[in-house]
Amino acid sequence: MEEEFEFGFNSDAQHSVERYEEMIRNQDQYFFDAQAFEYIIDNYIEKNDPVKALQVVEYALNQHPYAAVFLIKQAQLLLFTNQVDKAFAALEKAEMLEASEADIYVLRGNIYQNLDRHAEALENFEKALGLAETTDEILLQMAYVYQNMHDYETAIVYIKRSLEQNMENKDGLYELAFCYDILDKQEESIQFYQEYIDNDPYSYAAWYNLANSYHKLDLFEKAIDAYDYAILIKENFASAYYNKGNALVQLDKYQEAIDVYKQTFEYEPPNADTYCAIGECYEKLEKMDEARSYYKKSVKMDSKMADAWFGIGVTLNFEERFFESLHFYKKALELDEENPDFWFAMADAYYKLGQIEESVEAYYKVLEYNPLDIEAWLDFSTVLYEQGKLIEASETMADAIKNNPDAAELYYRMVAYLFALGQTNDALAYLETALVTDPEKHYILFEYLPQLQDNGLIIDVINRYIK
C-alpha cells in the first residue's frame, strides 16, 4: 500500500521523522516531499548516524530522482564515511542535474582540500564564489587551502575578505590571529583588531585576539586590559581568564593570577594545565605545600603532565629533600627527555647529594639540549673547578664562549680559571675582551675569586675601562 503524505513549507520536522520511522517499522512505502526528506536526513545527521541518513537519501532519490540536493547530501555522508570515490560520483550526477548549485563545488573543494590537491580545491571554490549568494564561508575555506600551502600572506587576504562580508565570523578572527602569529606580524595583527573593534566594539573574539597579540609582544598590561574587555562582553569566556592569568604571571602578580585561574573553574571543569599553572604560582610565592597539592591534582588528572611532575620535584628541592626530588625529575624526563630545564634540576640535585659523576653527566645533557644557557655553563664549570679539574673547567668555558660570544659573564669566569692555571697573559687578554663586552660586570670576577682584587695587573687593566 502506498500512502501519499505531502508536507507544506511549514511542516513539522519531528512529525516527518515519526512518519518515516513508522514507514520503516511497517515495511511500507509512504510518499514524502523533498522538504520532509531533508528534515529526516538532517535529524539523523544531528544524531551522528550517517548510516541511517544514507538510507533516507536512497529513499529520497527513489522518490525525487532529479533533486540535486539529495545527491549533495549523499556526497556529504559518503565523505563522512570515507567513501571518497562514491562521493565524487554523487557530485558529478548532481552537477549534471543542477550545475549552478554552489554547494556542489564547495563540497568538491573540501574533498580536494582533504586530499591535499590544492589547485583543484581552489578551482572549485572559485566556481562556488560565482554562484553562491553568501560567500564568507567559501572565502574562509579558500584561506584554509592557502594555509595548508603555507602561503599565509594570501590566506590573510581571503580571511579579511570573508570578515568584510561577515564580521560575526569568530572562526575567521581566530584564523587571522593564527596567520599573523605564524608570520610573526603582531603589530599588523594589533592594528587590524583595533580597527575591527572600532567597527564592532562588542566582539569578544576581537578583544581576545588583540589581547593575545599584545601578550606575544610582552605588552602584558595592555593584554590584561584587552582580556578584561573580552570577559566583560562574555562573562563565561574561560580561555580569556586563563590567558589573563598567564599575563599576570609575567608581571610577577602570582596571587592575582591564582585568583583568575580559579575563576575558570566557574565556567569549565578544572583541567591539568590550569592546576599546573596554579601550582607554579604557589611555587613562586614559596608556598610549597599548596604548590605541591596543585601539581598533584594536575598529574592525577593527566599523568603525562611533565611540567607538573617536575614542579613536585622543585617543591621538594626547595625543602632540601634532594633525593626525593630526583624521583619526580626522572618522571618528568620520561615524558620529555630533551628538556634542558629538567636536566639542569637533575644536575643540581645530584651535586647537592654529592653524586658528582651523575651531576656532570646531567650537565652534559643540559648543554647538549640548550647550549645557550649561560647559568648552566657557569655552574657546570664550577663543579669541575671544585673537583680540581682546572683544565676541564677552562675548556668548558671555551666551549661556552663559542656558543655565547656576547656573554660577558663567561669571559670574566674564564679570566678566573686562567689565573688559577697560571696563564696570566691569556687571562689578561680575556679580561680585555670581557671589559669591552660589558665593563659594568667586572665585579663578577671578584665574586668568584675575591683574592684577584689584590692583583695589580688586573686592577690596572680594569681601571683603563672603568672611569
Side-chain angles (χ1 to χ4, degrees), residues 140 143 152-153 155-156 159-160 162-287 290-291 294 298 307 311:
L140 201 51
Y152 298 102
E153 295 280 7
I156 286 172
I159 295 169
K160 285 184 175 179
S162 174
L163 289 168
E164 283 170 10
Q165 295 184 22
N166 179 11
M167 290 184 69
E168 298 300 313
N169 193 323
K170 303 294 185 290
D171 289 340
L173 287 171
Y174 290 115
E175 290 302 322
L176 190 64
F178 171 76
C179 291
Y180 277 129
D181 196 24
I182 290 286
L183 294 170
D184 196 23
K185 291 188 172 182
Q186 301 306 333
E187 290 87 354
E188 284 186 34
S189 179
I190 287 168
Q191 183 181 348
F192 173 82
Y193 287 114
Q194 284 175 334
E195 290 172 1
Y196 189 96
I197 287 165
D198 286 341
N199 291 314
D200 184 5
Y202 296 104
S203 171
Y204 64 85
W207 281 109
Y208 176 72
N209 285 304
L210 175 63
N212 288 341
S213 294
Y214 280 136
H215 195 134
K216 284 162 189 158
L217 288 176
D218 296 342
L219 299 170
F220 302 117
E221 296 282 5
K222 287 187 174 183
I224 289 166
D225 287 342
Y227 287 130
D228 280 339
Y229 277 112
I231 291 164
L232 194 63
I233 297 162
K234 186 182 180 185
E235 188 182 1
N236 64 344
F237 198 176
S239 296
Y241 286 103
Y242 182 79
N243 284 7
K244 179 184 174 183
N246 292 342
L248 287 163
V249 166
Q250 295 297 325
L251 296 171
D252 299 337
K253 296 181 177 181
Y254 301 115
Q255 187 57 58
E256 286 181 53
I258 290 167
D259 296 339
V260 173
Y261 285 136
K262 288 181 178 179
Q263 280 184 281
T264 66
F265 302 155
E266 297 175 25
Y267 307 111
E268 68 177 15
N271 60 59
D273 287 312
T274 309
Y275 278 146
C276 187
I278 293 171
E280 287 180 25
C281 288
Y282 278 123
E283 179 197 316
K284 295 291 187 184
L285 293 169
E286 298 187 359
K287 295 181 177 180
E290 290 95 328
Y294 275 93
S298 179
D307 284 340

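- The number of heavy-atom neighbours closer than 6.0 Å to NZ of K234, taken from other residues, nucleotides and ligands shown, is above 12.
- Distance alone, capped at 3.5 Å, places no donor-acceptor pair between the Y204 side chain and the L232 backbone.
- Residue-environment remark: OH (Y242) exceeds the threshold of 12 foreign heavy atoms within 6.0 Å.
- Side chains of K160 and I156 form a contact here, defined as non-hydrogen atoms less than 4.5 Å apart.
- At a threshold of 4.5 Å between non-hydrogen side-chain atoms, the residues N209 and F192 do not count as touching.
- The minimum heavy-atom distance linking A177 with Y193 is given by the pair N-OH, 3.1 Å.
- Residues S203 and L173 come closest through the heavy atom pair OG-CD1, 3.7 Å.
- In terms of heavy-atom proximity, Q186 sits nearest to D181 at NE2-OD1, 3.0 Å.
- Summarising the geometry of N271 relative to E268, their closest heavy-atom pair is ND2-OE2, 3.5 Å, with the distance given to 0.1 Å.
- Between D252 and Y254, the side chains place a donor N or O and an acceptor N or O closer than 3.5 Å (distance only, hydrogens not considered).
- Inter-residue side-chain proximity for E235 and Y241 is flagged as met; some heavy-atom pair is nearer than 4.5 Å.
- Between Y227 and F220, the distance separating the two ring centers is not shorter than 6.0 angstrom.
- Nearest heavy atoms, I258 versus L285: CD1-CD1, 3.9 Å.
- When each of D200, L140, D171, L176 is tested with L163 by the rule side chain to side chain contact (heavy atoms under 4.5 Å, CB included), just one qualifies, namely L176.
- Side-chain contact check for D259 versus L248: every heavy-atom pair is 4.5 Å or farther apart.
- W207 places no side-chain N or O within 3.5 Å of a backbone atom of D225 that could act as its donor or acceptor partner.
- Comment: K185 engages E188 in a salt bridge, judged by a side-chain N to carboxylate O separation of less than 4.0 angstrom.
- Between E280 and V249 there is no side-chain heavy-atom pair separated by less than 4.5 Å.
- Once rounded to the nearest 0.5 Å, the distance linking CD1 of I190 with CG of N212 reads 10.5 Å.
- Rounded to the nearest 0.5 angstrom, I278 CD1 and E290 CD are separated by 12.0 Å.
- Between Y152 and F178, the ring planes are perpendicular. Angles over 60° get that label, and only those under 30° would be called parallel.
- Here the straight-line distance linking atom OG of S189 with atom CD of Q194 works out to 9.5 Å at 0.5 Å rounding.
- Considering every non-hydrogen atom in both A226 and A211, the closest pair reads CB-CB, 3.5 Å.
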Item to check | Step-by-step side-chain contact (heavy atoms from CB on, under 4.5 Å) determination, K170 to E168 | outcome: CA-CA 6 Å; K170 303 294 185 290; E168 298 300 313; 3.6 Å; yes
Checklist entry - Would E286 and K284 satisfy salt bridge (charged side-chain N to carboxylate O under 4.0 Å, His left out), going step by step from the backbone distance to the final call? => result CA-CA 5 Å; E286 298 187 359; K284 295 291 187 184; over 6 Å; no
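- Under a cut-off of 6.0 angstrom, the local environment of OH in Y202 is sparse, with at most 12 non-hydrogen atoms contributed by other residues, nucleotides or ligands.
- At least one side-chain heavy atom of L251 sits under 4.5 Å from a side-chain heavy atom of E221.
- Between F237 and Y208, the ring planes are tilted. Angles from 30° to 60° get that label.
- In this structure, the side chains of S213 and Y180 stay at 4.5 Å or more apart for every pair of heavy atoms.
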